[in-house]
Amino acid sequence: MSNITAAVIANRNKKHFLGVPAPLGYVAGVGRGATGFTTRSDIGPARDANDVSDDRHAPPATKRKKKDEEEEEDEDLNDSNYDEFSGYSGSLFSKDPYDKDDEEADAIYDSIEKRMDEKRKEYRDRRLREDLERYRQERPKIQQQFSDLKRSLATVTSEEWSTIPEVGDSRNRKQRNPRAEKFTPLPDSVLSRNLGGETTSSLDASSGLASMVPGVATPGMLTPTGDLDLRKIGQARNTLMNVKLSQVSDSVTGQTVVDPKGYLTDLQSMIPTYGGDINDIKKARLLLKSVRETNPNHPPAWIASARLEEVTGKVQMARNLIMRGCEINPQSEDLWLEAARLQPPDTAKAVIAQAARHIPTSVRIWIKAADLETETKAKRRVFRKALEHIPNSVRLWKAAVELENPDDARILLSRAVECCNTSVELWLALARLETYENARKVLNKARENIPTDRQIWTTAAKLEEANGNIHMVEKIVDRSLTSLTANGVEINRDHWFQEAIEAEKSGAVNCCQAIVKAVIGIGVEEEDRKQTWIDDAEFCAKENAFECARAVYAHALQMFPSKKSIWLRAAYFEKNHGTRESLEALLQRAVAHCPKSEILWLMGAKSKWMAGDVPAARGILSLAFQANPNSEDIWLAAVKLESENSEYERARRLLAKARGSAPTPRVMMKSARLEWALERFDEALRLLAEAVEVFPEFPKLWMMKGQIEEQQRRTEDAAATYTLALKKCPTSIPLWILSANLEERKGVLTKARSILERGRLRNPKVAVLWLEAIRVELRAGLKEIASTMMARALQECPNAGELWAEAIFMETKPQRKTKSVDALKKCEHDPHVLLAVSKLFWSEHKFSKCRDWFNRTVKIDPDLGDAWAYFYKFELLHGTEQQQQEVLERCIAAEPTHGESWCSVSKCIRNWQFKAPDVLRAVVQQLSIPI
């Protein structure tokens, strides 16, 4: 024992590396900083194992050769190893992980390749069709070669047809005369040895037939010898046939049980419908089983287990599970409803009947039972049985009433309100089915049972209005507010306004007005009344509750009769949503309370004039003169009324009086314009000369003077007028443009450029001057200079829609779309840019998008006449008559006044009597289709 212990101690103290060869590349003392050295006796240098080896100690040549061969073998140049992206050599980064960045990059490259492929797809398809047609022409099919001969067969007569010789048989003799099939008769010795009835059960080895049967060999062969019992073979065949037949037959009737029609359907039902991982299903089954066993009284566990089996296609297992859950938890209506859902209809009825026996007070189970019935009579029976158990269920009463005719429904509802006397819906439904007297009694009972509901009061008010008792409506509404307040109900303005809107939609106008009148002042501070009521009126108008809005305006005007802003809002409301009579009645009241408001007088006069009652319009204006004796707007309105009705002498007399009593620049301008329109140029120039002396800083007077001189072809006088005008009115942009256009027409292009340059210096960052300068260059054919000037203009005016609209169509067709995107980024809501984009879509024949963009343009700026003109021209070419008429009506309602092409027509002196439709049609004739 002591010897063993000593040996163990000696082995324990012995180092484990003693007697073991040193590892490869080991250098003694390298950890202490020692450096190895090389001697002749060394195989290799004394260096660290991690050092890079040099050529002196390279691996043997055989190993290098073997390694190179392995690397060469790694490169597989087979076609199956070819990759379109990386070729034969494989990817440099094939060993790296494939992360989301790589996936995103591949998706981008795929989308680019798809886009590049789509760009040339149409060309490739057309080229392929052309090549195919050319190939068919060069190498036509046989049926095409003989098509003309086939058509000529129609002219062949029956005699010619009968004389056509029969087609000969061109096959060779062996094919024409095939040899008959050979049959070898069976020797009689196999069937019977003699006619005496002797039979044999084996083959005769000497008959020569034994070698034809497997397992039977002639003497001398390697196969074992033996006899073949033919009788046993026949018996085995009969036994096998009986087994097959017994598998597919009914033991009682003898009929087959294989359904040939449903066989494939049954096979299809065996295919699992769940496409997820089977391991997830197993985990879910195990988890749900654990939940069921741990807490079997938890219905959601049973429902989740059944639905899992249903999803995986095992419907029967799901039914078994849910029924077990119902046995364990018979008081859970969710389990019973799920069981009824999983069962087929006939079985579901039995299941839901069992559920009703266990939970007779479940509303959902009774409704499910009624849903399972197909006949109305059976549904009624189910609901009545349910109401015996649950007489206070509003849902069951409503469902039962819906199945009845009006008389039976009234009887049911009378019983329902006794059982559910707190249900507002049942009371109101009963009141609707009753007569007027009975309905009043029903609503009174409803108010006694439910004193805190406003719907009963509003229904009573509607009932009185429907039966002609208008005087009772306001009393009922007032009493409702008093009663509800006494019962502690908070009066909410928003809820009552919604009641008023609903009342108007149901046709109870007096009821809605009474509600508005009663609640409009509740909860509103005195200083906020005006703005709050205006907001209420606008909200009602937005909800298409126009009678409510009228009631709000009427109350506001009653409280603030001298507020011009409320009268104006009410007048515009009547103009947009009312009749001409209501507007005129409102304006008469308005001018009585606000006689100094000129716009109210003018709206009244215009309404009479548009209705064709010119004497009444004159009467209103005469009253307006009395209230506002020196009003410029009323003078000009009277002049316009007379001139539009061809009463030119009366208009001139009015203007003369106006010049004497109110000599304003507008009066002088209208006087000169009337003389100019009547082609009395000398009188017009005389008035303009007087006017520019008195009002030298009113630019329109100078413009008219210059234009009349241009019309008389006195270009030098016109140029002098414009030069003098620019000194007096240097900030008038139209004056600079008129002067430059005059010089351009004279052919002095340099002077036109100079004038526009001076205009830009005097009025910096004005896009219209830049635009005119660019168009001067374009009309001169200097497109490069125009492009350079456009770039400078966009730098100075980066948000000018007019410049961007012009820049889009200065580009070539492929570049226009990009330019339009840049324009929309800078000027997203500019009507000129939107109009240019609409024209761009029109030029690309994208008519649906074009119509949408035209609608956006006229919606953003309905005063832009050019947009309406282009829109109308587009509809004339590509729209229906209804769409054309709609655009025309919208344009007339908008009354546009701006736009380059629109103003060139509307302000032309020859068209001074044009209305909006006339101007629109004239502008449409001038416009060209965008290309």
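Note that the numbering runs from 1 along the sequence shown for the chain.
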What's the separation between atom [atom1] in [X] and atom [atom2] in [Y], rounded to the nearest 0.5 Å?
| X | Y | atom1 | atom2 | answer |
| --- | --- | --- | --- | --- |
| Glu881 | Leu876 | CD | CG | 10.5 Å |
| Asp863 | Thr897 | CG | OG1 | 3.5 Å |
| Tyr722 | Glu709 | OH | CD | 8.0 Å |
| Leu583 | Asn576 | CG | CG | 9.5 Å |
| Leu654 | Arg659 | CG | CZ | 11.0 Å |

(request) Assess whether side chain to side chain contact (heavy atoms under 4.5 Å, CB included) is satisfied between Leu600 and Cys594, documenting all intermediate values. (result) CA-CA 8 Å; Leu600 293 174; Cys594 303; 4.1 Å; yes
Would you check if the side chain of [X] reaches a backbone N or O of [Y] as a donor-acceptor pair within less than 3.5 Å?
| X | Y | answer |
| --- | --- | --- |
| Asp861 | Pro831 | no |
| Ser607 | Met603 | no |
| Glu598 | Asp633 | no |
| Ser787 | Lys783 | yes |
| Ser643 | Lys640 | yes |
| Ser739 | Leu735 | no |
| Glu796 | Lys765 | yes |
| Ser582 | Thr579 | yes |
| Ser843 | Leu840 | yes |
| Trp868 | Pro862 | yes |

Under a 3.5 Å threshold, yes or no: a donor from one side chain and an acceptor from the other, between [X] and [Y]?
| X | Y | value |
| --- | --- | --- |
| Ser901 | Ser904 | no |
| Arg775 | Asn741 | no |
| Glu710 | Thr715 | no |
| Asp535 | Gln531 | yes |
| Gln711 | Trp676 | yes |

(message) Are Phe497 and Val552 packed together at the side-chain level, in the sense that at least one heavy-atom pair is separated by less than 4.5 angstrom?
(response)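 With C-beta onward as the side chain, the pair touches.
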(request) Assess whether salt bridge (charged side-chain N to carboxylate O under 4.0 Å, His left out) is satisfied between Glu675 and Arg686, documenting all intermediate values. (result) CA-CA 10 Å; Glu675 302 295 340; Arg686 184 187 65 78; over 6 Å; no
For [X], does the [atom1] atom sit with more than 12 other heavy atoms under 6.0 Å from it, leaving out its own atoms?
| X | atom1 | result |
| --- | --- | --- |
| Gln913 | CD | yes |
| Glu118 | CD | yes |
| Lys915 | NZ | yes |
| Glu844 | CD | yes |
| Lys873 | NZ | yes |

(request) Could you walk me through whether Ile808 and Glu811 pass side chain to side chain contact (heavy atoms under 4.5 Å, CB included), step by step? (result) CA-CA 6 Å; Ile808 291 173; Glu811 300 288 339; over 6 Å; no
(message) According to side-chain hydrogen bond (donor to acceptor under 3.5 Å, both in side chains), who are the partners of His878, at least two apart in sequence or on a separate chain?
(response) Trp842
(request) Name all residues meeting the side-chain hydrogen bond (donor to acceptor under 3.5 Å, both in side chains) criterion together with Lys817; count only those two or more places apart in sequence or in a different chain, and write none if there are none. (result) none
Restricting to non-hydrogen atoms, name the atom on [X] and the atom on [Y] that form the minimum distance, rounded to 0.1 Å.
| X | Y | value |
| --- | --- | --- |
| Lys826 | Asn799 | O-OD1, 3.7 Å |
| Ala684 | Ile708 | CB-CD1, 3.9 Å |
| Ala786 | Leu778 | CB-CD2, 3.6 Å |
| Cys511 | Ala503 | SG-CB, 4.2 Å |
| Ala551 | Val516 | CB-CG1, 3.9 Å |
| Tyr872 | Gln884 | CE1-O, 3.5 Å |

(request) Measure up the His577 and Phe573 rings against each other and bin them: parallel (under 30°), tilted (30 to 60°), perpendicular (over 60°). (result)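 Because their plane-to-plane angle lies in the 30° to 60° range, the rings of His577 and Phe573 count as tilted.
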(request) Establish, yes or no, whether the cationic atom of Lys839 lies under 6.0 Å from the six-membered ring centre of Phe809 and within 45° of the ring axis. (result)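 Satisfied, under 6.0 Å and within 45°.
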(request) If a pair satisfies ring-ring contact (aromatic ring centres under 6.0 Å, His included) and one of its residues is in residues 890-916, list it, with sequence neighbours excluded. (result) Tyr648-Trp912
(message) Glu875 vs Arg851, test: side chain to side chain contact (heavy atoms under 4.5 Å, CB included). Steps then yes/no.
(response) CA-CA 8 Å; Glu875 294 296 354; Arg851 184 175 286 110; 2.9 Å; yes
Listing, residues 921-931 side-chain donor-acceptor contacts under 3.5 Å, not counting sequence neighbours, or none:
none

(message) Quick test of your reading: applying side chain to side chain donor-acceptor pair (under 3.5 Å), list the pairs with at least one residue in residues 540-556, sequence neighbours left out, ordered by first then second residue.
(response) Gln513-Glu547, Glu547-Arg550, Arg550-Glu574
(request) Mind checking salt bridge (charged side-chain N to carboxylate O under 4.0 Å, His left out) for Arg760 and listing every partner two or more places apart, or none if nothing turns up? (result)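 In terms of salt bridge (charged side-chain N to carboxylate O under 4.0 Å, His left out), with neighbours along the sequence ignored, Arg760 is linked to Glu757.
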(request) Test side chain to side chain contact (heavy atoms under 4.5 Å, CB included) on Tyr870 and Ser838 and set out the steps. (result) CA-CA 9 Å; Tyr870 273 108; Ser838 307; over 6 Å; no
